[in-house]
Enquirer: 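So that we are looking at the same thing, I have put the structure below in structure tokens.
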Amino acid sequence: MTKSLRKEILRKIPSVEEILSRKESLDLLKLYPRSALLEAIRRGLGRVREAILREEDLSRFDDQFFSMDRLFPFIQKELDLLVRPKLRRVINATGVVIHTNLGRAPLHPRALQHLVEISKTYSNLEYDLTLGERGDRYTHVEELLCRLSGAESAMVVNNNAGAVLLCLNTLAEGKEVIISRGELVEIGGAFRVPDVMRRSGAILKEVGTTNRTYLRDYQRAIGPETALLLKVHTSNFRIMGFTSAVTLSELVQLGREYRLPVMEDLGSGCFVDLSQYGLEKEPTVQEAIETGADVICFSGDKLLGGPQAGIILGKKEILDKIKVNPLTRALRIDKLTLGALESTLFLYQDEKKAMEEVPTLRMLGLSLKSLKRRGRRLLRRISESLEDKAVILLREDLSQVGGGALPLQSLPTIVLSIKPLHFSVNALEERLRQEDPPIISRISKEELLLDMRTIFDEDIPLLAQGLQKAFLALDEKARPSS
Ligand SMILES: *Cc1c(COP(=O)(O)O)cnc(C)c1O
């Protein structure tokens, strides 16, 4: 009985052609490509079919249900999904400032403006305005980088993994590179220092043990085939307890003695000593240069707070060799990046200003007081509408500084804790990811936490709206019989 009724109802679904000929469709065709609309109609009608097959109470599928007014929202929803970019902005409420999966460092407005300006029309990317002839794309940031770091020479490439590859290939192809076993790290997705070294053509010579390496280990390993002494900053793990590592300064001494260049991969690379802001001491870029490293490299989009880039600094003699390596062409930096990088570096000319303005540094430096203020602003917007739907409170917690940098360090922060009353905290977390813009939060025990550190003030209305929408949708689901 129901089976044949269901069949009959299914037959009432209009055809794609029928929908396409309606005025609503013709209006949409003025805004969207025909192919997208066709696909949206197919998917929308597919959803309707699924609903009919799933539903037990078939009385809802009356003639009214098949009116355009009721059908079109299904199609509109599919169309919205189809024409929306896949790469989207999200609200980062995790508190992780350098979040590798969420695009790492947000850019300063001036960096964005620069990027737009040079890419909207033409630029002097590789043109010397004084001479009126071909110029070099790297000169735009070289002087500034040298001035900020004290290095003799500078060069920028696509990212830091590329910088490591390029430096090793230039300095040690077919030769030996000495590195401590305690520094053979894997970073993020698939960046393993030993693998990149091998691809560069360099021969890895591991010394010491995982937890202890001494200067004499390096010294003993030096031979006629040695080309480089390498130090890698272990950004994402730490060996505790019985440990010993050789400092850059000691390595530089050793290098001088044996006339070998010394390189350090700083990983994050920061121009500001963050220990004055309550974080652990990390070696700064200037210190590494002053200590006498011949070449150092680091990321543009970790603590530095710029676009994805690999920055190489060091002695002119070495950088000159790196610059003429044919690999530079394969790893070269794009003009958008170069513009954003130059503007970001510009902010570092005044350290105090950099702390206030570079987004990553500003977030790290936020006081509990200002985080609390931000939390109260969000709370005010949602407390009334969510009053009988959740237990909501502002409290202290710890935020992780980074996944891509200083991951082991944490800072006191303020979180908005939400415990939904009618559905699970996991359902809320998942639903928030489907909002527009998606909201990325974290769960701790039975609470959903929104960390105020990585939320932008201008996102608070959107965040409040997303929360309200999520609660509406989930509450409806939890209480379907109304
Ligand atoms: C992050 C990191 C890299 C890779 O840098 P990307 O900019 O992500 O390519 C290399 N070395 C160290 C020590 C790092 O921390």
Side-chain angles (χ1 to χ4, degrees), residues 96-107 141 145 154-169 171 177 179-200 202 204 206 213 228-239 245-246 248 251 262-271 274 279-280 282-285 287-288 293 295-314 322 327-328 330-334 336-338 340-341 344-345 360 400-409:
V96 179
V97 177
I98 318 283
H99 199 306
T100 302
N101 304 138
L102 301 183
R104 288 201 188 158
L107 295 176
V141 288
L145 275 169
M155 160 89 184
V156 281
V157 292
N158 180 61
N159 62 355
N160 191 32
V164 173
L165 179 75
L166 181 61
C167 291
L168 292 180
N169 177 265
L171 297 172
V177 175
I179 181 172
S180 162
R181 285 199 170 87
E183 295 173 2
L184 292 170
V185 294
E186 173 175 314
I187 296 141
F191 180 74
R192 282 184 164 172
V193 172
D195 292 345
V196 172
M197 288 176 79
R198 251 167 245 129
R199 288 289 164 143
S200 74
L204 193 73
E206 303 164 30
T213 302
L228 182 71
L229 305 179
L230 175 66
K231 194 166 172 57
V232 175
H233 186 63
T234 53
S235 331
N236 58 357
F237 81 108
R238 189 177 302 148
I239 298 167
V246 173
L248 178 64
L251 219 51
V262 174
M263 170 174 163
E264 178 162 29
D265 171 9
L266 284 175
S268 205
C270 190
F271 285 102
L274 294 172
L279 284 157
E280 267 171 50
E282 287 280 324
T284 64
V285 170
E287 282 163 0
V295 56
I296 62 170
C297 61
F298 54 94
S299 289
D301 56 347
K302 289 186 183 169
L303 277 179
L304 190 73
Q308 179 191 300
I311 298 164
I312 308 171
L313 304 174
I322 291 172
L327 264 182
T328 58
L331 298 168
R332 82 175 180 184
I333 192 165
D334 159 73
L336 305 183
T337 311
L338 205 51
L341 183 61
T344 305
L345 291 171
T360 46
Q400 230 193 351
V401 175
L406 316 180
L408 302 172
Q409 298 199 35

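Both counts, for ligands and for their atoms, begin at 1 and track the order of listing. Note that these values count all heavy atoms, side chains included, but never hydrogens, waters or copies made by symmetry.
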Enquirer: Report yes or no: does T284 contribute a side-chain atom to a donor-acceptor pair with the main-chain N or O of E287 at less than 3.5 Å?
Expert: yes
Enquirer: Going by the order shown, which atoms of ligand 1 are within less than 4.0 Å of some heavy atom of D265?
Expert: 10 (C), 11 (N), 12 (C), 13 (C)
Enquirer: Is ligand 1 less than 4.0 angstrom away from at least one heavy atom of V164?
Expert: no
Enquirer: For ligand 1, is there an N or O atom under 3.5 Å from any N or O atom of H233?
Expert: no
Enquirer: Any idea which atoms of ligand 1 are less than 4.0 Å away from a heavy-atom of K302?
Expert: 1 (C), 2 (C), 3 (C), 14 (C), 15 (O)
Enquirer: Taking atom 3 (C) of ligand 1 as the point of reference, which of N158, N159, N160, T100 owns the nearest heavy atom?
Expert: N160
Enquirer: Counting N and O atoms only, with roles assigned by atom type, does the side chain of S268 sit under 3.5 Å from a partner on the main chain of L303, one being a donor and the other an acceptor?
Expert: yes
Enquirer: Can you find a side-chain donor-acceptor pair between H233 and E183 that sits under 3.5 Å?
Expert: no
Enquirer: Not counting sequence neighbours, which residues clear side chain to side chain contact (heavy atoms under 4.5 Å, CB included) with T344? List them please.
Expert: A111, P307, Y348
Enquirer: Under 4.0 Å from any heavy atom of R104, which atoms of ligand 1 are there?
Expert: 6 (P), 7 (O), 8 (O)
Enquirer: Out of all atoms in ligand 1, which are within 4.0 Å of some heavy atom of S299? Include the element for each.
Expert: 5 (O), 6 (P), 7 (O)
Enquirer: May I ask you to check if ligand 1 and A161 share an N or O to N or O distance below 3.5 Å?
Expert: yes
Enquirer: Suppose we screen for salt bridge (charged side-chain N to carboxylate O under 4.0 Å, His left out). Which residues come up paired with R199, at least two apart in sequence or across chains?
Expert: none
Enquirer: Verify, without hydrogens or angle tests, whether K231 (side chain) and V246 (backbone) share a donor-acceptor contact under 3.5 angstrom.
Expert: yes
